[in-house]
Every structure is written in structure tokens, then in C-alpha cells.
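The figures here come from the full heavy-atom set of this structure, side chains too, leaving out hydrogens, waters and symmetry mates. In each ligand, atom 1 is the first atom listed, and ligand 1 is the first ligand listed.
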Amino acid sequence: MTTGGTARVDHGVTSGTFSLDGQTFDVDNNVWVVGDEAECVVIDAPHSVADILAVVGERKVTAIVCTHAHDDHVRVAPALRSRVGAPILLHPDDRPLWELTHPDQRWDRDLRDGDAIEVGGVTLRVLHTPGHAPGAVSLYAPELGCVFTGDTLFQGGPGATGRSYSDSDLIQESIRARLFTLPDETVVHTGHGADTTIGAERAALDR
Ligand SMILES: [Zn+2]
């Protein structure tokens, strides 16, 4: 748990599958919840509404922000929306991926580069970081000293770009231009697995 003023970051892990290009894999996804005692934003909606609500607790959810639309990140977004009454936010460039998972549902609001999402007295700044997915975004929280990178940057390097709708040159450009320009000490909260920092990943990639 990280605190900045009254706002904080809470974390859970939930298990399920990821499917694309006719293959299915077992995956554990991180659930990130940012907010204060009263309200919060949920970053990604993987696998299980109950697991997400266990991290949310009694707080009001003001938005469900999707880092990208791979099915392991948006699977329960519509179900969570029904449950908590919050809008789903997604970058429109991920429409083709969203429609593979939810052909009969829509997200509510488009995310755009530079958007500011306010919650619990802190700001989540939307950085469009395409490559892993065309509409992949990272969410930078300067007051909390952290960035939520989804599957764009992990501990150990860039996210996968071997499947449809991915682009390895583009993810490198996104990481260098948008993420490595953040302060070294910025904590990176990823879509899967352990935290890292911008400084550690920049040093590893330049080695
Ligand atoms: Zn992904």
C-alpha cells in the first residue's frame, strides 16, 4: 500500500485465462485500485468481480479504467459496471480487441492521451503507450509517485508483441518517449507480476 495525502493504492491478484489468436493461457492479473476512504478508480477488470470488490471494499467506484482490451484485462468490465454503476473507460484504438471479448457491449467513455482522471485528491494522467495493443495506455499518478503500465512495461522489460494487433517497434518507442521520461524513482505497477521502477527498467533496457 502506497499513500499520498489521503489517497492510496490497493492491490489484489486474480486468476483466469488469456486467449488470442486461437490459443489460451492461464494467467494471474494484478488488480489496482486508487482512491481514498470514500471513492476509488479500478484499473482493469480481470477474471472475477468478487476479487475486485474485495480490494474496493465499501468505497464508491467512480470509473473502471482499462489499460487495454485484451480479454484478461476487460473480461468482467461490463459485469463490474452493472454491479457498481461506474463507467468503463478505454482508448478507442482498442476497439477490435474489445469486440473480440464483448461484441454486444460498449465501453462508456473514450480515453485520450493527456486526459486527467481525478480520484481521492490525486490525478491519474493518461499516457497513450501503444505497442502491446494499439489502444494501450499507462496511467501516471505524480502525487503517488507511481505509474500503472498494464502490459506495456514489466519488471524485466517491455510487454509481449508477438500476437495480433501488437507492434514491437511501437512499444519500444512508447516506453522510451512516454515512460522513460518519468522520474527514475517512479514505481511501476504492472498488469502481471511484480513492481519495478522506471530507473531500473531504463538501465536494464540500455544495457
Ligand atoms: Zn495484454
Practice prompt. Could you confirm whether His73 has any N/O/S atom lying under 2.8 Å from the Zn ion (ligand 1)?
Written response: no
Worksheet item: Is a salt bridge present between Arg95 and Asp93, judged by a nitrogen-to-oxygen distance below 4.0 Å?
Response: no
Fill in: Electrostatic pair Asp108-Arg81, nearest N-O below 4.0 angstrom
yes
Discussion item. Taking Arg59 first and then Asp36, would you say they form a salt bridge - that is, a charged N and a carboxylate O separated by under 4.0 Å?
Written reply: no
Discussion item. What is the name of the N/O/S atom of His70 that is nearest to the Zn ion (ligand 1)?
Written reply: ND1
Discussion item. What I want to find out is whether Arg8 reaches Asp10 closely enough, with some N-O distance under 4.0 Å, to be called a salt bridge.
Written reply: yes
Item to complete: Kindly report the NE2-the Zn ion (ligand 1)-OD2 angle for His68 and Asp151 respectively, rounded to 10°.
Response: 90°
